[in-house]
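It should be emphasised that the depicted structure is a prediction, and the values quoted were computed from it without experimental measurement. Convention: sequence-line order gives letters A, B, ...; per-chain numbering from 1.
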Amino acid sequence: MSVGIKLLIDSDLDKVALLARAVRALCSDVLDEDSSHAVEISLVEAINNVIKHGYEGKPGRNVGVVVSLRPDHVEIEVIDQAEPMEASLLSNASGDRFEFDITDLDALPEGGMGLALIQMNMDEVEYHAGQGENRLRMVKRHAQRTPSS
Amino acid sequence: MSVGIKLLIDSDLDKVALLARAVRALCSDVLDEDSSHAVEISLVEAINNVIKHGYEGKPGRNVGVVVSLRPDHVEIEVIDQAEPMEASLLSNASGDRFEFDITDLDALPEGGMGLALIQMNMDEVEYHAGQGENRLRMVKRHAQRTPSS
Amino acid sequence: MRLIDEQRNGILVLRIDEKRVDASKAPAFKDEVAKRIEAGHSQVVLDMSGVEFVDSSGLGALVSCLKRIGPRGNLAIAGASGAVIRLFSLTRMDRVFSLHDTVDAAVEQMSS
Amino acid sequence: MRLIDEQRNGILVLRIDEKRVDASKAPAFKDEVAKRIEAGHSQVVLDMSGVEFVDSSGLGALVSCLKRIGPRGNLAIAGASGAVIRLFSLTRMDRVFSLHDTVDAAVEQMSS
Ligand SMILES: Nc1ncnc2c1ncn2[C@@H]1O[C@H](COP(=O)(O)OP(=O)(O)O)[C@@H](O)[C@H]1O
Ligand SMILES: Nc1ncnc2c1ncn2[C@@H]1O[C@H](COP(=O)(O)OP(=O)(O)O)[C@@H](O)[C@H]1O
């Protein structure tokens with residue numbers, strides 16, 4: 001028994017917080033604090049990327065999010081109609097991004113952290129581009145059911 | 001500066017809680033507890049009506065909600081593609097529905113309370129039917145700005 | 001619809017183990033309570049302390065339970081708070097139902 | 001971007017009066033802090049106790065402030081909690097920034 005809802009904003013960074021707050025409220029019914037934050041940060045990074053990179057900052061385009069609360073996981077799909085991104089950017093992203101030298105001030109990252117955060121925070125991440133629509137599917141399992149996470 | 005988001009479920013009573021929780025989280029950022037509840041109960045009654053009466057309980061149809069947070073009020077629009085309702089049902093509804101004789105057990109209402117609750121809880125209620133789409137627009141003003149409410 | 005039954009001095013204490021009693025749950029709720037009334041329970045305390053939201057369908061189901069239990073029985077509500085109390089007040093149902101802060105208070109009054 | 005300025009013993013205490021520091025606010029935030037650094041402030045405590053969420057753009061803006069203030073200046077963060085601390089830990093930025101529970105603690109250490 002899955003229970004799903006779709007949320008839509010237009011491509012405006014000012015509206016991302018609305019989506020994030022709504023999705024967080026949905027998740028917090030079934031996920032603990034840390035897992036809810038994991039979903040929220042991943043969702044925000046994904047949507048920011050769609051607006052900034054996919055739609056190149058242009059307003060008036062759609063960004064959709066489908067949230068499904070399932071018995072043992074939460075599934076989030078981010079849907080856009082922008083040019084697809086290079087899928088390897090996502091599959092190559094990881095926590096290695098943060099293996100910087102903390103003593104080298106100049107080398108600290110000021111950007112390029114979003115995809116890495118998504119990979120670190122979600123249990124499954126899949127990107128599908130095609131038919132004028134891109135779908136980023138992200139899964140967060142309930143903490144109590146995955147003692148290894 | 002308005003900030004709007006659209007939420008969509010299909011016509012399934014099990015999904016109304018999701019919509020309600022998401023919208024409540026959005027409202028609670030700008031409305032007090034009582035006003036947030038006023039919006040939540042109105043929204044739930046409106047959506048239940050669309051599913052039960054508009055779509056006659058049939059699954060697989062769309063129910064949309066647009067939430068706009070404005071500087072002095074929250075605006076909620078419930079959008080459906082069902083047969084329109086008789087607009088006078090809504091305009092005639094009011095708190096009078098609850099002027100029953102509390103000592104007459106048999107006469108206590110078990111239904112027919114939703115539209116009255118909407119009228120009692122929202123500051124503005126408008127119903128527009130047309131072009132295959134119905135829109136119920138409801139406004140809740142911020143408590144601090146309307147000392148009379 | 002999750003309900004948890006408990007007996008106390010011949011009174012049925014029924015805890016509603018759901019956060020919301022809305023149109024998706026009201027029919028099952030009504031049936032479950034009716035079943036218990038038919039089975040002979042005429043003194044019932046509904047523990048609503050875990051309930052965060054009730055809509056008009058849930059309220060209608062409560063009224064239906066009250067009617068079914070009838071004037072010779074007793075139905076009390078314990079632990080309603082926040083949004084639930086607000087709905088009772090708005091609809092004047094706070095004057096129809098016997099509302100108590102706690103199950104203990106409801107049981108005590110019903111026993112006396 | 002709402003920032004509230006306060007001076008304490010030659011230290012600029014900057015309270016971020018926003019619940020979220022995200023991509024919609026990060027550029028303005030970076031500019032506002034840069035302005036103050038250009039104006040001569042080299043000892044800065046950022047009070048983040050009111051901030052509930054930071055994304056990678058907000059974090060990037062903080063790193064940019066740290067670079068701008070440079071190794072001869074001082075940038076400390078006070079009152080970060082919950083989601084904000086979690087992001088700092090995940091990105092190892094908790095080892096880069098000087099984090100303090102309160103503004104007082106941050107000011108005290110910077111003054112000593
Ligand atoms: N939705 C997208 N569409 C197109 N390109 C993208 C998208 N998401 C990410 N990218 C590319 O991947 C790069 C890395 O993204 P990310 O790790 O989120 O960092 P940032 O957005 O700060 O650059 C971006 O700079 C961009 O070139
Ligand atoms: N969206 C709708 N479409 C069609 N009819 C409606 C709609 N909303 C309400 N109605 C009609 O108005 C009546 C009163 O609605 P309401 O006050 O919500 O109580 P209830 O749903 O319990 O009957 C309903 O019984 C129905 O006949």
Can you tell me which portion of [X] sits under 4.5 Å from chain D's heavy atoms? Options are side chain, backbone, both or neither.
X	result
A/I41	both
A/V16	neither
A/N121	side chain
A/E33	neither
A/A116	neither

Measure the [atom1]-[atom2] distance between [X] and [Y] for me, rounded to the nearest 0.5 Å.
X	Y	atom1	atom2	value
D/F53	A/R21	CZ	CZ	12.0 Å
A/R97	D/T91	CZ	OG1	11.0 Å
D/M93	A/L108	CE	CG	5.5 Å
A/E45	D/D55	CD	CG	5.0 Å
A/E110	D/S57	CD	OG	11.5 Å

Looking at [X] and [Y], what are the two nearest heavy atoms and their distance?
X	Y	answer
D/R20	A/V44	NH2-CG2, 4.1 Å
A/N48	D/A23	ND2-CB, 3.5 Å
D/L59	A/M113	CD2-SD, 4.0 Å
A/H37	D/A83	CD2-CB, 3.1 Å

Looking at [X], I want to see if its [atom1] is surrounded by more than 12 non-hydrogen atoms of other residues, nucleotides or ligands under 6.0 Å.
X	atom1	result
D/D31	CG	yes
D/E108	CD	no
A/Q131	CD	no
A/E126	CD	yes

Full working for side chain to side chain contact (heavy atoms under 4.5 Å, CB included) between D/S24 and A/K15: CA-CA 9 Å; D/S24 73; A/K15 296 190 177 169; over 6 Å; no

D/V63 side chain near A/P109 side chain, heavy-atom distance below 4.5 Å: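 They are not in contact (no side-chain heavy atoms under 4.5 Å apart), so the answer is no.
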
Donor-acceptor contact present, side-chain D/R92 to main-chain A/F100, <3.5 Å: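 Such a contact is found between D/R92 side chain and A/F100 backbone.
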
Side chain to side chain contact (heavy atoms under 4.5 Å, CB included) between A/L117 and D/L87, worked out: CA-CA 9 Å; A/L117 283 169; D/L87 184 70; 3.8 Å; yes

Structural part of D/R95 lying under 4.5 Å from a heavy atom of chain A: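 Both parts, backbone and side chain.
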
